[in-house]
Amino acid sequence: MSNATQLLQSIPIDPLTGAISVPIYQTSTFVQEAPGVNKGYDYSRTNNPTRATLEKIVAELENGSVGAAFASGLAAIDAVVKLLKSGDEIIAVDDIYGGAYRLFTQVYEQYGITIKFVDASDPINIFNAISEKTKLIWIETPTNPTLKIADIEAIAKIAKANGCLVCVDNTFASPALQQPLNLGADIVVHSATKYLGGHSDVIAGIVVIKDATLGARIKFFQNACGAVLAPLDSWLTIRGIETLFLRIKQHNANAQAIAEYLENHPAVDKVFYPGLKSHPNYAVAKKQQKGFGGVVSFSLKQDELKLAEAFVSNTEIFKLAESLGGVKSLISHPANMTHKSIPAGKRRAAGVSDSLIRLSVGIEEVKDLINDLEQTFKKLNKHSAVQVCDATKVEENSFC
Ligand SMILES: *Cc1c(COP(=O)(O)O)cnc(C)c1O
């Protein structure tokens, strides 16, 4: 059975009524027949049928044994870090999601957990950074916003040989494109706010664990710390996941066409997309992913903050907003938005240049999206004080 069919088959029909849509159990508690005698549920922080269904669906999608749904992606990440103790060390990918960076450095370092950041696009950097204190290796692949790729299988082998756990933040690829547990990782986390939910209407996080004992530990933290996903938000996430494979197909196709369009554009300096043969880790991405995802970043030949600012303010279909993974296309300017708090020198060194623009390519008709980018390039060239290209080379109806 194909993945998409398997997914839809795995969403249960309500045994009580035959409802084909998963019921929303909007209840805090469950009446007991006698003290301690219940139907498997006693209190919704501990367990809730709607949330349990979501957890089962995502655990199956990631081929893990246990799923745990949280109130946000960051709460999911937080639950994984709680596996560590004071004195332990994390090795994390250097262009890690900003919220995870803040959690690791401003919260967990207070408790004596140390963090080393390395460029994970070459596994040797992880190998070289491992010490006897290292307990957890934290990978994102593709990364945000420069779409770097890490070889999950190679890193998992290094981790196993050194007794470390590997956790992959699989938000950007989604299980439709990449299943880290099948490549040797121990834990997967998702910001389900992005591709799993898919409609920019819910904040949610999921952890999926391969080993049942480790899974029980995460479920313990979920209940003990309490950042659980609400029943309605669990339902919204299930509702989104039903069309995951269909949406991802369109995201991939649109993003690939846009990356190729941008790569041939005279005003564009670099295009960051793992589906381009020019990507330094194209071969690894091709090996471990079934497609290359919906996020494309690019920088301009004239690397100026103002120019990128004008660009992101002049698109019509691409809406200016943080976040990604929804059906509607979004555009953002990391230097002024998600990465603004990072000092300019450090930000540039991480590959986030002043003019870097990130697209979360939606599922609209790709022709319309390319036309939107093209009209923006033209508008900037004709009406802006800052020129996208050399004005002397501008021809009527050409891009520049
Ligand atoms: C958005 C995001 C998160 C955080 O998820 P929230 O749901 O916003 O808490 C974590 N990792 C990645 C890669 C993300 O894009």
Side-chain angles (χ1 to χ4, degrees), residues 142 144-147 172 193-195 198-201 247-248 250-276 292-340 347 351-391 394-400:
N144 177 35
T146 56
L147 287 301
F172 268 47
T193 312
K194 316 293 168 52
Y195 288 104
H199 294 74
S200 310
D201 55 8
R247 285 185 285 108
I248 292 287
Q250 188 74 12
H251 284 299
N252 286 349
N254 286 359
Q256 183 76 36
I258 287 174
E260 286 169 11
Y261 157 78
L262 289 168
E263 199 169 43
N264 291 312
H265 196 286
V268 171
D269 182 25
K270 282 199 198 111
V271 182
F272 303 82
Y273 187 65
L276 292 175
F292 302 105
V295 179
V296 180
S297 295
F298 64 102
S299 58
L300 300 173
K301 283 220 173 93
Q302 272 183 252
D303 188 32
E304 289 166 25
L305 277 172
K306 270 218 156 70
L307 193 55
E309 219 171 272
F311 194 98
V312 301
S313 309
N314 275 284
T315 51
E316 282 164 16
I317 298 175
F318 284 91
K319 304 294 183 214
L320 180 60
E322 290 184 6
S323 197
L324 60 113
V327 290
K328 296 174 188 163
S329 290
L330 302 178
I331 189 163
S332 73
H333 181 207
N336 258 333
M337 295 166 72
T338 45
H339 291 60
K340 200 177 173 135
R347 167 173 58 71
V352 183
S353 60
D354 290 0
S355 69
L356 190 83
I357 291 167
R358 190 191 75 184
L359 305 175
S360 170
V361 179
I363 64 166
E364 301 90 343
E365 191 65 46
V366 71
K367 239 192 292 166
D368 298 325
L369 296 175
I370 290 177
N371 284 343
D372 190 25
L373 297 174
E374 198 169 318
Q375 69 82 20
T376 309
F377 278 119
K378 281 183 178 163
K379 196 152 57 178
L380 286 200
N381 223 30
K382 284 188 179 139
H383 304 295
S384 166
V386 263
Q387 296 286 299
V388 181
C389 318
D390 182 351
V394 176
E395 286 169 37
E396 205 62 57
N397 298 325
S398 71
F399 292 147
C400 253

Backbone N or O of Phe318 within a donor-acceptor pair of the Asp372 side chain at under 3.5 Å? yes
If you apply the rule side-chain contact (heavy atoms from CB on, under 4.5 Å), what do you find for Leu373 with Phe311, and how did you get there? CA-CA 9 Å; Leu373 297 174; Phe311 194 98; 4.0 Å; yes
Judged by atom type as modelled, is there a donor-acceptor pair below 3.5 Å linking the side chain of Thr146 to the main-chain atoms of Gly351? no
Quick one, Ile357 and Val312 - any side-chain contact, counting heavy atoms below 4.5 Å? yes
Taking only residues two or more places apart in sequence or in another chain, which ones pass side chain to side chain donor-acceptor pair (under 3.5 Å) with Glu364? Ser329
Roughly how far, to the nearest 0.5 Å, is the OG atom of Ser299 from the CZ atom of Arg358? 15.5 Å
Any donor-acceptor pair under 3.5 Å linking the side chain of Asn252 with the backbone of Gly293? yes
If we ignore hydrogens and angles and just use 3.5 Å, is the side chain of Gln256 paired with the main-chain N or O of Gly275 as donor and acceptor? yes
Counting N and O atoms only, with roles assigned by atom type, does the side chain of Lys301 sit under 3.5 Å from a partner on the main chain of Pro266, one being a donor and the other an acceptor? yes
Leu356 and Phe298: side-chain contact (heavy atoms from CB on, under 4.5 Å), yes or no, with the steps? CA-CA 6 Å; Leu356 190 83; Phe298 64 102; over 6 Å; no
Could you walk me through whether Val271 and Leu262 pass the side-chain contact (heavy atoms from CB on, under 4.5 Å) test, one step at a time? CA-CA 7 Å; Val271 182; Leu262 289 168; 3.8 Å; yes
Ser297 and Lys270, any side-chain heavy atoms less than 4.5 Å apart: no
N/O donor-acceptor pair under 3.5 Å between Ser355 side chain and Asp303 backbone: no
Name all residues meeting the side chain to side chain donor-acceptor pair (under 3.5 Å) criterion together with Asp354; count only those two or more places apart in sequence or in a different chain, and write none if there are none. Arg347, Arg348
Can you tell me if Asn314 and Thr376 form a side-chain donor-acceptor pair at under 3.5 Å? no
Apply side-chain contact (heavy atoms from CB on, under 4.5 Å) to residues Arg247 and His199 and explain how you reach the verdict. CA-CA 10 Å; Arg247 285 185 285 108; His199 294 74; 3.9 Å; yes
By the salt bridge (charged side-chain N to carboxylate O under 4.0 Å, His left out) test, which pairs, at least two apart or in different chains, include something from residues 310-330? Glu316-Lys379
Can you name the side chain to side chain donor-acceptor pair (under 3.5 Å) partners of Ser200, sequence neighbours left out? none
Between the main-chain N or O of Val361 and the side-chain N or O of His251, is there a donor-acceptor pair closer than 3.5 Å? yes
Residues passing the ring-ring contact (aromatic ring centres under 6.0 Å, His included) test with Phe272, sequence neighbours excluded, are none
Sequence-distant partners of Asn371, side chain to side chain donor-acceptor pair (under 3.5 Å), two or more places apart: none
Residue that, paired with Leu359, satisfies side-chain contact (heavy atoms from CB on, under 4.5 Å) out of Ile258, Asn254, Leu324: Ile258
Does any N or O in the side chain of Ser360 come within less than 3.5 Å of the main-chain N or O of Gly325, such that one atom is a donor and the other an acceptor? yes
